[in-house]
Amino acid sequence: MGWKRRLALALSGLVVLVVVGGAVLWWLKPWVRDVVVLSPGSTGKRITESGLLANYYPAKERSGPGILLLGGSEGGIGRYSVVRALDLQSEGFSVLVPSYFGGPGQRRTLELVPLEVFDRALDWLRRRPEVHDDSIAVVGHSKGAEAALLVGVRHPELSAVVAGAPSSVVWAGIDWYSPFNPDSSWSSDGRALSSLSYGLFKPWQRVGRVYEDGLEHLAEHPDAEIPIERIKSPVLLMCGENDTLWPACPMSRHLRARSVREGGPRVEVLVSEDAGHSAFGPRLRTGHPDLHDRWSGGSAAANNAARTRGWRLVVEFLREHLRAAS
């Protein structure tokens, strides 16, 4: 057998191996994370009424302000949200954490999620006898921050909005199960919200590049911008300058600039220079897995330092604007 034929056979075998390997990977989908809906624990309650799947953490000692707390692209009700909810409960807030995708009976992807699910959650929270219905805030992180800002736009009666690692635009959805371009992340009245598409993913680049590349085309899709000027309450944005998952600090500054330009609410931006995407929430023990991963940026120490400082300011901000007892 000549060398050309041997080379052709080797190349053919390599192609088959790549195709079969790719098919096996796509079938197994190791990049898809399991969605969990954690138990509310001893101080919380599971809520399955009014079209909700949620955990509720009522204030322990007295009636007072309420908080709608939104998790991110992990879906369900994950440990990130539960840690924040328990800490806010201990500070005297009643906290509702809804699952808005990935839970039983819910859509499995973060795509065309109806904003009405947050409307129902706020309605439920307002009706609680221990919650002052004129003293409610929305707090979210990452995709939950994107949602929190949209909820603030939709509900000008809210008293405060807090967004950790936020987005300044509505992005296309996240569908780990399909190779095709997803629709918008969010819908309203059955219609997709205008959204900004990602840039082309390149395996050798960090994930955040797809968002940075997408933002380069924002001028062509101005209707994808979140109209922060329609929020009537004060807004606190928090970001890490070393966020490698998406450009949270540039998007935070964009939100503040738009609010100033359009006569919107007062927007505070708290920047942590060395922190990444995980720098939002109460301080965690040293070595905790939520402090750092290879996708989100920032060292564990920098993220925890930012959490220590930033979460204290979140609580102070909420107390100030929700009239919580000190």
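Since the structure is predicted, the reported quantities are computational estimates derived from the model, not experimental observations. Just the heavy atoms: all of them, side chains too, but no hydrogens, waters or symmetry mates, feed the values below.
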*Taking the hydrophobic residues Ile, Leu, Val, Met, Phe, Trp and Tyr, and joining any pair whose side-chain heavy atoms are under 4.5 Å apart, which ones share a cluster with L284?*
V83, L291
_Just to verify, what does D134 make a salt bridge (charged side-chain N to carboxylate O under 4.0 Å, His left out) with, not counting sequence neighbours?_
R323
*asked:* Any carboxylate oxygen within less than 4.0 angstrom of a Lys/Arg side-chain nitrogen, looking at R319 and E316?
replied: no
_Pairs satisfying disulfide bond (SG atoms under 2.5 Å apart), at least one member in residues 219-310, at least two apart_ = C239-C249
_Apply side chain to side chain contact (heavy atoms under 4.5 Å, CB included) to residues S188 and E116 and explain how you reach the verdict._
CA-CA 7 Å; S188 177; E116 286 82 1; 4.0 Å; yes
*Write down the atom of G76, the atom of V37, and the distance for their closest heavy-atom approach.*
CA-CG2, 4.1 Å
*Can you name the residues that form a salt bridge (charged side-chain N to carboxylate O under 4.0 Å, His left out) with R266, not counting sequence neighbours?*
E268
_Short N-O contact, E241 and R253, less than 4.0 angstrom_ = yes
*Identify whether the distance between the nearest side-chain nitrogen and carboxylate oxygen of D123 and R126 falls below 4.0 Å.*
yes
*side-chain hydrogen bond (donor to acceptor under 3.5 Å, both in side chains) partners of residues 229-240, not counting sequence neighbours, each pair once*: E229-R258
_Tell me if the centroids of the rings in W246 and Y198 come within less than 6.0 Å of each other._
no
*Name all residues meeting the side chain to side chain donor-acceptor pair (under 3.5 Å) criterion together with D223; count only those two or more places apart in sequence or in a different chain, and write none if there are none.*
S194
